[in-house]
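Worksheet: the structure to be examined is printed underneath.
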Amino acid sequence: MANAAEMVRGRMKNSKKIIVVGGGASGLAAALAAAEKAGGQNVMVLERLDRIGKKILATGNGRCNLTNRNAQESAYHTKQPKILSEMLAQMTPEAVLDFFEKQGLLCTTEEDGRVYPYCGQASMVLDILRCALERMQITVECGCEVQRIEEKNGTFMLHCKNGTQFAAQRVILAAGGQAAPQFGTDGAGFALARMLGHHVEKTYPCLVPIKCEAFPAGLKGVRAPAALSLQIGGRCVKTERGEIQFAEYGVSGIPAMQLSCLLSQEGRDAAVSVDLFPNTSFSALRSMLEQRCTSGQFPTLETFLLGLVGKKLGHAVLKSCGIQPLSRQVKSLSRGELNALCTALKGWRFAVKGTLSWAQAQTTGGGVPLTEIDPNCCASRKCRGLYLTGELLDAAGDCGGFNLQWAWMTGIVAGRAAAK
């Protein structure tokens with residue numbers, strides 16, 4: 001007599017060997033990798049939105065920073081760095097690029113190891129993936145939001161919001177994290193992982209602008225090269241250099257986005273400090289300002305910092321020291337005020353209030369612990385036949401293609417393993 005799993009497969013019209021939940025970067029890579037070994041007719045992708053790959057189109061400012069040739073442990077944030085390092089070693093950026101080369105995508109490497117499609121269009125990456133899905137005859141079902149998954153006797157039953165049910169021998173969860181919910185990633189994948197026995201580390205927005213307390217008004221849109229440092233509990237934990245952007249709420253730009261990955265929303269005492277002259281020592285900067293005081297070239301405080309920093313920014317720094325630039329002469333500056341100005345220019349400090357919301361975040365911190373998967377193939381240690389990939393896992397990368405590298409690599413290894 002046939003067992004229950006065989007009976008379900010026999011009467012279930014929507015039955016596949018492998019079902020991938022999520023049609024983003026990781027899910028599409030998993031589907032294609034699985035189809036190479038199992039055949040596309042045995043693979044299905046379920047996507048909750050009306051079309052696949054929406055988030056891919058927004059990556060790299062519309063250019064799609066595919067990967068980074070310098071991908072290594074130091075570019076990621078996780079509670080299990082040793083496991084992550086093992087995973088990065090087995091699926092290198094070169095292996096990911098080989099995967100795309102087989103799909104027909106020509107790529108180019110730019111500064112800092114960043115890799116983009118040669119044509120410079122994120123849409124081309126999605127077009128190539130779509131073409132491969134069709135060529136391999138992989139079934140793609142859009143508008144299918146999986147709300148519940150059950151596993152019994154070796155068969156997974158997937159229940160969708162629209163009432164449709166699907167059956168599979170193996171499931172690859174690639175539903176994304178919580179960042180950028182406008183692209184379909186609202187954290188629902190974590191609920192599915194919990195249904196199948198997994199734990200989820202507390203999640204928080206990463207690669208997101210930082211909100212500051214009592215931030216000066218009038219700096220919205222102002223940009224400046226700087227070194228941005230993050231202090232937690234009075235200790236400097238990291239410094240990032242590059243162009244920062246001031247906003248009405250605080251600071252943005254790549255340095256701020258990078259540092260946001262270290263803010264785990266735990267309410268610890270945190271602050272950022274802006275060094276507007278990172279290549280100039282305090283004493284050298286002070287000498288430069290003293291020379292300006294005596295030269296007579298800039299007689300008023302309104303013009304004192306011209307040529308050094310932007311006018312709006314200079315006035316804001318002066319005001320932060322209690323110096324009103326519109327009502328005083330440079331010669332009236334006291335030694336103490338000059339020291340305070342130098343201190344502000346080399347370390348303008350703001351208490352951190354938090355970050356902007358998930359809608360402005362590029363990736364998710366926290367997630368399913370790496371200890372709960374097999375690092376060789378992303379197979380679940382909690383549920384046989386289940387695989388977890390991408391942003392669902394506790395690994396958040398820095399800016400520069402590291403998160404897409406993680407998405408592609410975990411998708412590829414999971415897809416290949418599920419097809420065995």
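What you are looking at is a predicted structure, and each value in this text was computed from that prediction instead of being measured.
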**OP:** Evaluate the criterion side chain to side chain contact (heavy atoms under 4.5 Å, CB included) for residue pair Leu97 and Cys107; output intermediate values, then yes/no.
**Re:** CA-CA 8 Å; Leu97 290 174; Cys107 298; 4.2 Å; yes
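- Between Tyr249 and Phe215, the distance separating the two ring centers is not shorter than 6.0 angstrom.
- None of Thr364, Thr203, Thr363 except one satisfies the side chain to side chain donor-acceptor pair (under 3.5 Å) rule with Gln178; the exception is Thr203.
- Judged purely by distance below 3.5 Å, without hydrogens or angles, the side chains of Asn162 and Thr164 pair a donor atom with an acceptor atom.
- Salt bridge annotation for Arg148-Glu150: present, with a cationic side-chain nitrogen under 4.0 angstrom from a carboxylate oxygen.
- Without hydrogens or angle criteria, Thr185 side chain to Ala179 main chain gives a donor-acceptor distance under 3.5 Å.
- At distances below 3.5 Å, not a single donor-acceptor pair connects side-chain atoms of Arg170 with backbone N or O atoms of Gly385.
- The environment of CG in Asp98 is crowded: more than 12 heavy-atom neighbours from other residues, nucleotides or ligands sit within 6.0 Å.
- Summarising the geometry of Lys312 relative to Gly218, their closest heavy-atom pair is CD-O, 3.7 Å, with the distance given to 0.1 Å.
- Although no hydrogens or angles enter the test, the distance criterion places a donor-acceptor pair under 3.5 Å between the side chain of Ser260 and the main chain of Val208.
- The shortest distance between side-chain heavy atoms of Leu356 and Lys211 falls below 4.5 Å.
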Original post:
When you look at Leu84 and Leu88, which way does the side chain to side chain contact (heavy atoms under 4.5 Å, CB included) test go after all the steps?
Top reply: CA-CA 6 Å; Leu84 182 139; Leu88 292 174; 3.3 Å; yes
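- Arg223 has a carboxylate O that lies under 4.0 Å from a charged side-chain N of Glu243, or vice versa, which qualifies the two as a salt bridge.
- At least one donor-acceptor pair closer than 3.5 Å links the side chain of Gln182 to the backbone N or O of Ala359.
- Under 4.0 Å is where a charged nitrogen must lie from a carboxylate oxygen, and between Arg69 and Glu94 at least one such pair does.
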Subject >> Audit row: Asp374, Asn376, side chain to side chain contact (heavy atoms under 4.5 Å, CB included) steps and yes/no >> reply: CA-CA 5 Å; Asp374 181 338; Asn376 295 309; 3.3 Å; yes
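- For the pair Leu276 and Leu308, the minimum side-chain heavy-atom distance is 4.5 Å or more.
- Taking the six-membered ring where the residue is Trp, Trp406 and Tyr76 present tilted rings, their angle falling between 30° and 60°.
- Partners of Val330 under the side-chain contact (heavy atoms from CB on, under 4.5 Å) rule, at least two apart in sequence or in another chain, are Cys293, Leu301, Phe304.
- At least one donor-acceptor pair under 3.5 Å links the side chain of Glu47 to the backbone N or O of Leu49.
- Rounded to the nearest 0.5 Å, atoms CE (Met288) and OG (Ser281) are 9.0 Å apart.
- Residues satisfying the side-chain contact (heavy atoms from CB on, under 4.5 Å) test with Lys220, not counting sequence neighbours, are Glu248.
- Across Phe402 and Ala71, no two heavy atoms sit closer than the pair CE2-CA, 3.6 Å.
- Lys79 has no carboxylate O lying under 4.0 Å from a charged side-chain N of Asp394, or vice versa, which leaves the two without a salt bridge.
- Atom CD of Gln103 has more than 12 heavy atoms from other residues, nucleotides or ligands within 6.0 Å.
- Taking the side chain as every heavy atom from C-beta outward, Leu285 and Lys346 approach each other to under 4.5 Å.
- Annotation: the span from His315 atom NE2 to Glu302 atom CD amounts to 5.0 Å, rounded to 0.5 Å.
- At distances below 3.5 Å, not a single donor-acceptor pair connects side-chain atoms of Lys238 with backbone N or O atoms of Gln258.
- A donor-acceptor pair under 3.5 Å is absent between the side-chain atoms of Asp269 and the main chain of Gly233, judged by distance alone.
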Subject >> Residue pair Glu391, Lys55: steps toward the salt bridge (Lys or Arg N to Asp or Glu O under 4.0 Å) verdict >> reply: CA-CA 12 Å; Glu391 213 172 318; Lys55 195 172 181 180; 3.2 Å; yes
Without placing hydrogens or testing angles, list every side-chain donor-acceptor pair under 3.5 Å for residues 19-33, not counting sequence neighbours.
{"unit_1": "Ser26", "atom_1": "OG", "unit_2": "Thr389", "atom_2": "OG1", "d": "2.6"}
{"unit_1": "Ser26", "atom_1": "OG", "unit_2": "Ala407", "atom_2": "O", "d": "3.1"}

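- Inter-residue side-chain proximity for Thr410 and Met87 is flagged as met; some heavy-atom pair is nearer than 4.5 Å.
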Original post:
Passes side chain to side chain contact (heavy atoms under 4.5 Å, CB included), Leu105 versus Val125? Steps please.
Top reply: CA-CA 7 Å; Leu105 184 68; Val125 177; 4.1 Å; yes
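- Counting only residues at least two apart or on different chains, the salt bridge (Lys or Arg N to Asp or Glu O under 4.0 Å) pairs with a member in residues 105-132 are Arg63-Glu110.
- Between the side chain of Glu337 and the main chain of Ala340, no donor-acceptor pair closer than 3.5 Å is present.
- Of all non-hydrogen atoms in Trp408 and Leu66, the two that sit nearest each other are NE1-O, 3.0 Å.
- In this structure, Leu386 CG and Ile172 CD1 are separated by 9.5 Å, a value rounded to the nearest 0.5 Å.
- Atom CE of Met44 and atom OG of Ser15 lie 8.5 Å apart (nearest 0.5 Å).
- Residues Ser273 and Gln231 meet the side-chain proximity criterion, which asks for heavy atoms closer than 4.5 Å.
- Of the N and O atoms on the side chains of Gln405 and Thr67, at least one donor lies less than 3.5 Å from an acceptor on the other residue.
- When atom types are taken as modelled, the side chain of Glu372 and the backbone of His199 share a donor-acceptor pair closer than 3.5 angstrom.
- Here the OG-CD distance, from Ser85 to Gln80, works out to 13.0 Å after rounding to the nearest 0.5 Å.
- Across all their heavy atoms, Val200 and Arg194 have their closest contact at CB-NH2, 3.4 Å.
- The two atoms that bring Tyr387 and Ala417 nearest to each other are OH-O, 3.6 Å, heavy atoms only.
- Summarising the local packing, CG of Leu338 is surrounded by more than 12 heavy atoms from other residues, nucleotides or ligands at distances under 6.0 Å.
- Gln90 and Cys377 make their closest contact through NE2-N, 4.4 Å (heavy atoms, listed as atom of the first residue, atom of the second, distance).
- The shortest distance between side-chain heavy atoms of Leu173 and Ile149 falls below 4.5 Å.
- Salt bridge annotation for Asp186-Arg48: present, with a cationic side-chain nitrogen under 4.0 angstrom from a carboxylate oxygen.
- One distance of note links CG of Leu230 with OG1 of Thr239; it measures 8.5 Å at 0.5 Å rounding.
- Identified under the ring-ring contact (aromatic ring centres under 6.0 Å, His included) test for residues 112-164, with sequence neighbours left out: none.
- Residues satisfying the side-chain contact (heavy atoms from CB on, under 4.5 Å) criterion with Ala95, sequence neighbours excluded, are Met91, Thr92.
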